[in-house]
Participant: 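Pasting in a structure now, in structure tokens, and then I'll have a few things to ask.
Computed from a predicted model, the values in this text were never measured in an experiment.
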Amino acid sequence: MKGLPVRQMPGISALVRRVARVAVAMAFVATLVPTASANGLRMPSQVGIGGMVVVTPTYEGSNRYEAVGVPLIDLDPDSKAAGLIDVEGVDDIRLRLFRAGGFEAGPLFGYRFGREESDGPRLLGMGEIDGGVVVGGYAGYRFGSLFPFVSYHHQVSGDDTGGVARFGLELKHNLSSRIALTTVAGASWANDDYMQSYFGVSAAQAITSAHAQFQADAGLKDAFLGMTADVRLTDLWSLKLTGRYAHLLGDAADSPITASEHQLFGGVGLTYKFSLR
């Protein structure tokens, strides 16, 4: 990622946050997920276990990036297609509790990471934001490989940072017998609490930081495009490549703490397949 400054020596608080990210990822990824089938519930027949290195902005709006290692647990394709749990992200773990034809809906949960002053120079004097558990719901309709969806994510523990709604379209396509590609595009809307927490500058923060007071109101926060490729290298080894671009909009882009409107995410992982039967 040439030209993107990457933080090399995180402080103790940043190291603690990284450990927390790994712990959350391990807690939220389920391996033995019951799968719906014509004969009732069954367990997935295979699971891939490995690791992944992801590169993310140090905070939303940052132009600095950090690399984080996380465990990677990948269910067999049949389980992904018909499972009761669908992991779309750390803050987007969906429970498919209702299905009727192509329509599906259910609750979701996850975790929203907070923010620390050490994450970037523009955050000095801004104080810290505590992360917490996220709950919400989603709904969508499957038209073959197309899946338009809407989801809502609201933080219910830690600091009250409000809610985010996402509207998107997911497309899954098998390029070959060994390569599966998933593309998702959409936009995110955030309420007043979220926008002010992550992009606003209160009167008190204006005194302790170098920024003037800034009111960030509810509205579209970003537009995004992401792509993930699952590559079966051998019968046992699989490679996962993922990338995502988000462009900050409105008050999120205009905020004095935003160093870049362009937010990139990338990751590469490797798994080894084990049979569960």
Participant: Which atom pair, heavy atoms only, marks the closest approach of Gly61 to Leu248?
Facilitator: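 In this case the closest contact between Gly61 and Leu248 is CA-CD1, 3.8 Å.
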Participant: Indicate every side-chain donor-acceptor pair of residues 211-220 with a distance under 3.5 Å to a residue at least two apart or in another chain.
Facilitator:
from   : atom 1 : to     : atom 2 : distance (Å)
His211 : NE2    : Arg122 : O      : 2.7
Gln215 : NE2    : Gln196 : OE1    : 3.4

Participant: When rounded to the nearest 0.5 angstrom, what distance separates CG in Leu239 from CE in Met52?
Facilitator: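 Output value for this atom pair is 8.5 Å.
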Participant: How would you list all residue pairs meeting side-chain hydrogen bond (donor to acceptor under 3.5 Å, both in side chains) that involve residues 173-193, not counting sequence neighbours?
Facilitator: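 Checked against side-chain hydrogen bond (donor to acceptor under 3.5 Å, both in side chains) - neighbours excluded - the pairs reaching residues 173-193 are Ser188-Asp222.
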Participant: Find the distance between CG (Leu171) and CG (Leu181) and round it off to the nearest 0.5 Å.
Facilitator: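 It comes to 7.5 Å.
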Participant: Shared ILVMFWY cluster between Phe167 and Leu249, side chains joined below 4.5 angstrom?
Facilitator: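 As far as the 4.5 Å side-chain criterion goes, Leu249 and Phe167 are connected within one cluster.
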Participant: Is any side-chain heavy atom of Ser151 less than 4.5 Å from a side-chain heavy atom of Leu108?
Facilitator: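 Result yes, sub-4.5 Å side-chain heavy-atom pair found.
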Participant: Got a donor-acceptor contact below 3.5 angstrom from the Asp160 side chain to the Gly162 backbone?
Facilitator: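 Confirmed, Asp160 side chain pairs with Gly162 backbone.
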Participant: Just jot down the side-chain contact (heavy atoms from CB on, under 4.5 Å) partners of Phe147, sequence neighbours excluded, or say none.
Facilitator: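 In terms of side-chain contact (heavy atoms from CB on, under 4.5 Å), with neighbours along the sequence ignored, Phe147 is linked to Arg94, Glu104, Tyr138, Arg142, Phe149, Glu170.
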Participant: Give, for atom CG of Asp119 and atom CD of Glu60, the distance between the pair rounded to the nearest 0.5 Å.
Facilitator: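 Answer for the CG-CD pair, Asp119 versus Glu60, is 12.0 Å.
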Participant: Quick check: closest heavy atoms across Gln155 and Gly132, and the distance to 0.1 Å?
Facilitator: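 Taking every non-hydrogen atom into account, NE2-N, 3.3 Å.
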Participant: Output yes when a side-chain donor or acceptor of Arg112 lies under 3.5 Å from a complementary backbone atom of Gly163, and no otherwise.
Facilitator: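 Side chain of Arg112 to backbone of Gly163: no pair is present.
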Participant: I'd like to check Val90 versus Phe113 (side-chain heavy atoms, cut-off strictly below 4.5 Å). Are they in contact?
Facilitator: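 Yes; the side chains approach each other to less than 4.5 Å.
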Participant: My understanding is that only residues two or more places apart in sequence, or in another chain, count here; which of them pass salt bridge (Lys or Arg N to Asp or Glu O under 4.0 Å) with Arg244?
Facilitator: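 Applying salt bridge (Lys or Arg N to Asp or Glu O under 4.0 Å) to Arg244 gives none.
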Participant: Take Thr228 and Thr242, measure what side-chain hydrogen bond (donor to acceptor under 3.5 Å, both in side chains) needs, and give me the verdict at the end.
Facilitator: CA-CA 4 Å; Thr228 298; Thr242 184; 3.0 Å; yes
Participant: Within a strict 4.5 Å, meaning less than it, do heavy atoms of the Ile257 and Tyr198 side chains meet?
Facilitator: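 Ile257 vs Tyr198: side chains apart.
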Participant: Restricting to pairs with a member in residues 263-273, which pass side-chain hydrogen bond (donor to acceptor under 3.5 Å, both in side chains), not counting sequence neighbours?
Facilitator: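 Those involving residues 263-273 do not exist here.
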Participant: Would you give the length of the straight line joining atom CG of Asp92 to atom CG of Asp86, rounded to the nearest 0.5 angstrom?
Facilitator: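 Here the rounded value is 8.0 Å.
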Participant: For side-chain contact (heavy atoms from CB on, under 4.5 Å), just list the numbers for Val134 and Phe109, CA-CA rounded to whole Å, side-chain angles, deciding distance to a tenth of an Å, and then say yes or no.
Facilitator: CA-CA 5 Å; Val134 168; Phe109 66 99; over 6 Å; no
Participant: Mind listing the closest non-hydrogen atom pair of Pro107 and Leu97 along with its distance?
Facilitator: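 Looks like CD-CD1, 3.6 Å.
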Participant: Measure the shortest side-chain to side-chain distance between Leu270 and Ser238 over non-hydrogen atoms and say whether it is less than 4.5 angstrom.
Facilitator: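 Not in contact.
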Participant: Is a side-chain donor or acceptor of Asp230 paired with a backbone partner of Lys240 at a separation under 3.5 angstrom?
Facilitator: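 Judged by distance alone, no pair lies under 3.5 Å.
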Participant: With Arg166, which residues qualify under salt bridge (Lys or Arg N to Asp or Glu O under 4.0 Å), at least two apart?
Facilitator: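 For Arg166 the salt bridge (Lys or Arg N to Asp or Glu O under 4.0 Å) partners, ignoring immediate neighbours, are Asp91.
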Participant: Could you go through Tyr65 and Leu264, starting from their C-alpha distance and side-chain angles, then the distance that decides it, and tell me whether this counts as side-chain contact (heavy atoms from CB on, under 4.5 Å)?
Facilitator: CA-CA 9 Å; Tyr65 288 76; Leu264 300 172; 3.6 Å; yes
Participant: Determine, using the 4.5 Å side-chain heavy-atom cutoff (strictly less than), whether Ile179 and Leu241 are members of one ILVMFWY cluster.
Facilitator: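 Shared cluster, yes.
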Participant: Is a donor on one side and an acceptor on the other found under 3.5 Å between the side chain of Ser209 and the backbone of Gln205?
Facilitator: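 Looks like yes, one N/O pair under 3.5 Å.
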Participant: Glu66 and Thr58: side-chain donor and acceptor closer than 3.5 Å?
Facilitator: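 The criterion, which ignores hydrogens and geometry beyond distance, is not satisfied for Thr58 and Glu66.
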Participant: Where does the angle between the aromatic ring planes of Phe199 and Tyr194 fall among parallel (under 30°), tilted (30 to 60°) and perpendicular (over 60°)?
Facilitator: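 Judged by the thresholds at 30° and 60°, the geometry between Phe199 and Tyr194 is tilted.
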